[in-house]
Student: 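Before we start, here is the structure in question, set down as structure tokens.
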Amino acid sequence: MVKFCTKTCLFILPKTSYCQLQTQSFIPFSVRQEQKILESRLVSVLHGCTHINQVKQVHAHIFRKGLEQCCFVLAKLLRTLTKLDVPMDPYPRLVFQQVEYPNPFLWTALIRGYALQGPFMESVLLYNSMRRQGIGPVSFTFTALLKACSAALDVNLGRQVHTQTILIGGFGSDLYVGNTLIDMYVKCGCLGCGHRVFDEMLDRDVISWTSLIVAYAKVGNMEAASELFDGLPMKDMVAWTAMVTGYAQNARPREALEVFERMQAAGVKTDEVTLVGVISACAQLGAAKYANWVRDVAEQSGFGPTSNVVVGSALIDMYAKCGSVEDAYKVFERMEERNVYSYSSMIVGFAMHGLAGAAMELFDEMLKTEIKPNRVTFIGVLTACSHAGMVEQGQQLFAMMEECHGVAPSEDHYACMVDLLGRAGRLEEALNLVKMMPMNPHGGVWGALLGACRIHGNPDMAQIAASHLFELEPNGIGNYILLSNIYASAGRWDDVSKVRKLMRAKGLKKNPGCSWVEGKKGIIHEFFAGDMSHPKSREIKQALEDLLDRLKYLGYQPNLSSVAYDISDEEKKRLLMSHSEKLALAFGLLTTNAGCTIRIVKNLRICEDCHSVMCGASQITGREIVVRDNMRFHHFRDGRCSCGNFW
DNA sequence: GTAGGGTTAG
């Protein structure tokens with residue numbers, strides 16, 4: 001009688017006596033204590049397991065101790081196997097099947113395994129079997145089932161589970177179940193239902209709030225997210241981070257940084273996830289001042305780029321987008337661990353700056369490591385080839401990417417190839433490639449062709465590309481502008497006015513050109529096209545005129561075909577003079593010391609006339625000028641640009 | 001058992 005263990009109890013007890021078993025009131029106290037200690041020890045050992053073989057060893061030990069029917073320990077064993085991503089079939093399933101009378105926790109562990117790994121419907125089937133055997137679920141059972149619904153994106157099933165939580169045992173008021181319900185509805189795209197669950201919850205915690213904040217951020221409604229956040233009584237690091245990344249992901253970098261500053265002022269700790277959001281915001285701002293600041297913050301928080309691969313990769317991307325490919329490479333070089341993100345970000349960074357050779361070299365270096373290139377890596381190398389006119393090399397890469405590296409070409413890769421051929425002037429080949437695509441070409445593919453038509457002045461093919469683009473991206477203002485510019489360059493003013501009429505009919509308005517330049521003390525100055533509101537605008541205009549006079553001396557002629565309006569040449573010259581990047585350049589020359597690099601960021605594509613002025617200015621002033629337009633970087637040095645006049 | 005994350009072409 002003294003050796004009365006759980007195993008024997010289970011054999012003699014009818015399944016309905018589960019509750020009685022739980023209390024185990026009939027086992028002598030000392031034995032119960034001893035057994036409990038053993039069970040807890042086994043659970044904690046399982047908790048530390050990092051490999052399936054370790055779990056199997058513990059399982060053998062469980063057998064030796066005669067605990068092979070102990071649901072408490074076996075449930076932990078199943079949860080461990082799920083954590084280690086061990087496929088549910090056959091091993092975890094077998095563990096379950098060996099138990100004669102599984103309790104609700106063991107059932108739930110199995111249901112949860114299928115909910116996280118799939119097949120998701122298996123979770124539901126198991127739940128039904130469990131109910132048929134008269135076993136009541138626990139709250140974990142519902143959180144597991146709801147996970148399966150989110151993974152399967154099946155909101156109808158989710159609703160059924162929701163009803164079950166209310167009908168059976170009043171689990172509807174359980175905090176965990178409520179939070180998981182919010183998450184399920186949100187993941188299935190029913191934000192409204194998620195919010196209703198939130199409203200109806202009797203008990204909420206910071207997780208309930210954060211789930212909803214993230215949901216609103218993901219659909220771009222930062223106003224709703226911010227309102228919720230303001231109402232959140234206990235803001236923790238995760239909730240703050242959700243706001244920072246929310247703004248960053250919605251292209252509102254300034255607000256992301258503002259929230260981060262408030263977060264720091266509130267004394268909340270920062271971890272690598274927060275930093276990634278902040279770094280992404282800085283990358284979008286493209287300002288060197290912020291780049292160095294955020295790097296210091298990362299170092300101070302203990303998540304420096306050398307030791308943290310995610311922070312490091314984000315910093316590489318940021319420095320590249322802030323115009324300093326050298327700093328990006330410094331980070332890359334010093335990283336102790338690198339992954340596919342680190343390599344891809346660096347390769348894309350080189351490509352963005354026109355450093356095709358460096359991009360290809362790094363790609364070759366990557367192939368010598370264990371890290372496999374992915375689709376983004378190939379986009380990086382293909383764009384590098386494209387901007388350097390390396391057509392054959394690009395074609396070779398494209399041909400072997402699937403065979404040698406297991407990456408099937410996607411629409412994006414086809415877009416790179418169209419760009420590669422198109423830029424090189426092989427427009428017919430580019431069009432043929434589009435026609436031969438195994439999938440429907442997306443906007444990027446036709447856009448690449450349209451861009452090539454602009455470079456090589458082919459209004460007829462531009463018309464074909466644009467007609468597809470207008471269908472695929474009816475509100476993409478850039479496509480209309482590009483087509484109209486191509487017509488204007490060819491002098492087809494009737495077609496220009498047709499495109500403009502189409503734009504008006506759709507209610508589309510051209511974005512005003514805008515440039516930013518960093519002045520003294522890192523202050524950012526903003527210039528719009530034709531903008532004379534800057535306090536120094538008179539001096540800026542004078543400086544620009546002086547510069548253009550000096551350039552004319554060297555043979556510069558205003559490129560009137562850059563103006564897409566049918567107006568007089570004098571008017572065209574006046575319009576060209578007021579382009580925002582020229583104002584920013586003049587301001588930079590006026591306010592920064594000789595030898596200082598001038599860094600300009602522009603919201604639209606730089607025009608041909610401005611491009612040649614930048615080239616000339618770099619030559620006669622000896623300054624390095626870096627312009628980031630909406631496409632890429634241009635490094636002007638000694639009268640030449642890194643893009644090779646190819647953008 | 002529940003919440004936050006990095007590279008993408010025109």
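Chain letters run A, B, ... following the sequence lines, proteins first and then strands; every chain starts at 1. These numbers were taken from a predicted model, which means no experiment stands behind them.
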Student: What integer distance in Å separates M437(A):CE from dG10(B):C1'?
Tutor: 13 Å
Student: Determine the contact category for E272(A): base if any of its heavy atoms lies under 4.0 Å from a base atom, sugar-phosphate if only primed atoms, P, OP1 or OP2 are that close, otherwise nothing.
Tutor: base
Student: Applying the 5.5 Å / 30° rule, does F140(A) stack onto the base of dG1(B)?
Tutor: no
Student: How is S280(A) classified with respect to the nucleic acid when contacts are heavy atoms under 4.0 Å: base, sugar-phosphate, or nothing?
Tutor: nothing
Student: Between dT2(B), dG5(B), dT8(B), spot the one nearest the side chain of V310(A), thanks.
Tutor: dG5(B)
Student: Between dT7(B), dG10(B), dG5(B), which nucleotide has the shortest distance from any of its atoms to the side chain of K321(A)?
Tutor: dT7(B)
Student: Has R423(A) got a side-chain N or O lying under 4.0 Å from the OP1 or OP2 atom of dG10(B)?
Tutor: yes
Student: Less than 6.0 Å separating the ring centroids of Y329(A) and Y319(A)?
Tutor: no
Student: Is there a donor-acceptor pair under 3.5 Å between the side chain of H405(A) and the backbone N or O of P373(A)?
Tutor: no
Student: Could you state the CZ-C1' distance from R375(A) to dT8(B), rounded to the nearest angstrom?
Tutor: 7 Å
Student: In whole Å, what is the span from the CG atom of D205(A) to the C1' atom of dT2(B)?
Tutor: 8 Å
Student: Would you compute the distance between atom OG of S386(A) and atom CD1 of I379(A) and round it to the nearest 0.5 angstrom?
Tutor: 12.5 Å
Student: Looking at dG5(B), dG10(B), dG4(B), which one has an atom nearest to any side-chain atom of D419(A)?
Tutor: dG10(B)
Student: Could you work out which one of dG5(B), dA9(B), dT2(B) sits closest to the side chain of V276(A)?
Tutor: dG5(B)
Student: Of the nucleotides dT7(B), dG4(B), dA3(B), which has the atom closest to the I207(A) side chain?
Tutor: dA3(B)
Student: Measure from CG on L145(A) to C1' on dG1(B) and round the result to the nearest Å.
Tutor: 12 Å
Student: Looking only at N and O atoms, is any donor in the side chain of S344(A) or the base of dT7(B) less than 3.5 Å from an acceptor on the other one?
Tutor: yes
Student: May I have the distance from W446(A) (atom CH2) to dG10(B) (atom P), rounded to whole angstrom?
Tutor: 17 Å
Student: Within less than 4.0 Å of OP1 or OP2 of dG5(B), is there a side-chain N or O belonging to Q249(A)?
Tutor: yes
Student: According to a strict under-4.0 Å criterion, is K218(A) in side-chain N/O contact with OP1 or OP2 of dG5(B)?
Tutor: yes
Student: With ring centroids as reference points, do W107(A) and F96(A) lie under 6.0 angstrom apart?
Tutor: yes
Student: Does the ring centre of Y480(A) sit less than 6.0 Å away from the ring centre of F470(A)?
Tutor: yes
Student: Does D412(A) reach a base, just sugar-phosphate, or nothing at all? Heavy atoms under 4.0 Å.
Tutor: base
Student: Counting heavy atoms from C-beta on, name the nucleotide in dT2(B), dT8(B), dA9(B) closest to the side chain of T180(A).
Tutor: dT2(B)
Student: Roughly how many Å is it from CZ in F633(A) to C1' in dA9(B), rounded to a whole number?
Tutor: 16 Å
Student: Between R338(A) and F332(A), is NZ or CZ placed under 6.0 angstrom from the six-membered ring centre and within 45° of the ring axis?
Tutor: yes
Student: Report the nucleotide, chosen from dG6(B), dG4(B), dG1(B), that has the shortest atom-to-atom distance to any side-chain atom of R79(A).
Tutor: dG1(B)
Student: Using heavy atoms and a sub-4.0 Å distance, could you list which residues of residues 465-480 of chain A are near DNA chain B? By number, please.
Tutor: L469(A), E473(A)
Student: Can you list every ring-ring contact (aromatic ring centres under 6.0 Å, His included) pair that touches residues 200-220 of chain A, not counting sequence neighbours?
Tutor: H195(A)-Y216(A), F198(A)-W209(A)
Student: Give a yes or no on whether a donor-acceptor pair under 3.5 Å exists between the nucleobase atoms of dA3(B), that is its base, and the side chain of S211(A).
Tutor: no
Student: Look at all strands and tell whether I379(A) reaches a base, only sugar-phosphate, or nothing, counting heavy atoms closer than 4.0 Å.
Tutor: base
Student: NA contact type, N308(A), heavy-atom cut-off 4.0 Å: base, sugar-phosphate, or nothing?
Tutor: nothing
Student: Base, sugar-phosphate or nothing for G178(A)? Non-hydrogen atoms, less than 4.0 Å.
Tutor: nothing
Student: Kindly say if H413(A) contacts the phosphate of dG10(B), meaning a side-chain N or O under 4.0 Å from OP1 or OP2.
Tutor: no
Student: What is the distance, rounded to the nearest whole Å, between atom CG of D203(A) and atom P of dT2(B)?
Tutor: 17 Å
Student: Looking for any heavy atom pair under 4.0 Å, which part of the strands does V376(A) touch: base, sugar-phosphate only, or nothing?
Tutor: base
Student: When you compare the side chains of Y414(A) and H442(A), does any donor N or O come within less than 3.5 Å of an acceptor on the partner?
Tutor: no
Student: Look at all strands and tell whether T383(A) reaches a base, only sugar-phosphate, or nothing, counting heavy atoms closer than 4.0 Å.
Tutor: sugar-phosphate
Student: Pick base, sugar-phosphate or nothing for V309(A), based on heavy-atom distances below 4.0 Å to the nucleic acid.
Tutor: base
Student: Remember a base hit wins even if backbone is also touched, and classify H387(A) as base, sugar-phosphate or nothing at under 4.0 Å, heavy atoms.
Tutor: sugar-phosphate
Student: With a non-hydrogen cut-off below 4.0 angstrom, is G277(A) in contact with a base, only sugar-phosphate, or nothing?
Tutor: nothing
Student: Quick one: is K147(A) getting a side-chain N or O under 4.0 Å of the dA3(B) phosphate, OP1 or OP2?
Tutor: yes
Student: What is the nucleic acid contact for S208(A), judged by heavy atoms within less than 4.0 Å: base, sugar-phosphate only, or nothing?
Tutor: nothing
Student: Can you find an N or O donor on one side and an acceptor on the other, under 3.5 Å apart, linking the side chain of T245(A) with the base of dG4(B)?
Tutor: no
Student: Once side-chain hydrogen bond (donor to acceptor under 3.5 Å, both in side chains) is applied, what residue pairs with a partner in residues 140-153 of chain A remain, sequence neighbours excluded?
Tutor: T108(A)-T141(A)
Student: Heavy atoms from C-beta onward define the side chain here; which of dT7(B), dG1(B), dG5(B) lies closest to that of Y341(A)?
Tutor: dT7(B)
Student: Under 3.5 Å, is there a donor on one side chain and an acceptor on the other for T165(A) and H162(A)?
Tutor: no
Student: Quick one: Q284(A) CD to dT8(B) C1', roughly how many Å, whole number?
Tutor: 14 Å
Student: Of the nucleotides dG1(B), dG4(B), dT8(B), which one has an atom closest to the side chain of D271(A)?
Tutor: dG4(B)
